[in-house]
Amino acid sequence: MKIATWNVNSINARMHAVIEWLKTTNPDVVCLQEIKTIDETFPRLEIETLGYNIETHGQKSYNGVAILSKYPIEEVKTKLPGDDNDEQSRYIEAIIAGPKKLFRVASIYLPNGNPVFDENGIFTKKYEYKLNWMRRLKDHVAILLNDELPTVLAGDYNVIPGNKDVYDYKSWIGDAAFRKETHFHWRSLLNLGLTEAFEQMDNRPGQYTFWDYQRGAWQNNHGIRIDHILLSAQAADTIIDLVIDKNVRDGIKPSDHVPVIGTFDL
DNA sequence: ATGGTCGTCCCACGA
């Protein structure tokens, strides 16, 4: 069972790359982020032709998440609890009826949070929104873990976990992805008992999932590791492999993120 | 030393 996450930075702009990648990689489940379209204009047909069921939680111009699955998708939820005024489409979870058992998957697009400070030196609404979103995610995941269903929480977390996950950590210390407050909430989430798939399976320094379009970041390997697969104990017990598919960053009209793919005995 | 990106949807804004 291959379960992947990929921030595509617009599904409609990325269709050529996405279709090529689906054909060559043949994942069973894909968590997409930044589809940047409403549900009605998601390019369903071409993806369904490749054998996928599709659930989307879209938004005009910004954000938007989706789950693709070769197996039936059940019990879809698109609201992260804790803020009734939150209009941003950043979360979708579902139960997948896999060949061996049921498991849960969530596609997560955690807020970027920059800029951190306003002109008066206090936290911006954007950074407060990020921190609050992380609190809400932790509270919700705590509830999800109660039913002991294998759970795979995959997405663009906009969090650089440690110094080894960025090309030059000193230049990132003030960034919303690397601040101490962000790291505090990240550890708090993991301390629920989640396993970071990359840390369990690989753990090498310099393994990145995002390279900015600007300043020749890809050519200079100025990357950061911000796309993650977090696992409940029941899912972590079944992981066999974890791959960052960095080759696609070299393709035609690439996303600035590359897929992260976990293989599971599920 | 400096400028250098992309997507959305037409204008800046978000990343």
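Naming convention: chains lettered A, B, ... in sequence-line order (proteins, then strands); numbering from 1 in each chain. This structure is a prediction, so every number in the text was calculated from the model and none was measured.
A:Ile11 places its CD1 atom 15 Å from the C1' atom of B:dT8, with the value rounded to the nearest Å. Between A:Lys253 atom NZ and B:dT5 atom C1' the separation is 13 Å, expressed in whole Å. The nearest whole Å value for the distance from the CD1 atom in A:Ile38 to the P atom in B:dT8 is 13 Å. Distance CZ (A:Arg14) to P (B:dT5): 15 Å, rounded to an integer number of Å.
The ring of A:Tyr157 has its center closer than 6.0 angstrom to the ring center of A:Trp186. In this structure, the ring of A:His228 has its center no less than 6.0 angstrom from the ring center of A:Phe198.
The nucleotide whose nearest atom lies closest to any side-chain atom of A:Arg215 is, among B:dG4, B:dG7, B:dC9, B:dG4.
Checked against side chain to side chain donor-acceptor pair (under 3.5 Å), A:Arg187 has no partners two or more places apart in sequence or in another chain.
Here the side chains of A:His185 and A:Lys138 are not in contact, with every heavy-atom distance at 4.5 Å or above.
Rounded to a whole angstrom, the distance from the C1' atom of B:dG7 to that of B:dC11 is 13 Å. Taking atom P on both nucleotides, B:dT2 is separated from B:dC6 by 23 Å, rounded to a whole Å. Remark: the separation of the C1' atoms in B:dG14 and B:dC9 is 14 Å, to the nearest Å.
Counting non-hydrogen atoms of neighbouring residues, nucleotides and ligands closer than 6.0 angstrom, the NZ atom of A:Lys2 exceeds 12 such neighbours.
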I'd like a table of atom pairs between the protein and nucleotides 13-15 of chain B - only N or O on both sides, under 3.5 Å - with the distance next to each one.
from: B:dG14; atom 1: OP2; to: A:Lys126; atom 2: NZ; distance (Å): 3.2
from: B:dG14; atom 1: O5'; to: A:Lys126; atom 2: NZ; distance (Å): 3.2

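Neither OP1 nor OP2 of B:dC6 sits under 4.0 Å from any side-chain N or O of A:Ser10.
Both tests pass for A:Arg90 against the ring of A:Tyr109: distance under 6.0 Å to the centre and angle within 45° of the axis.
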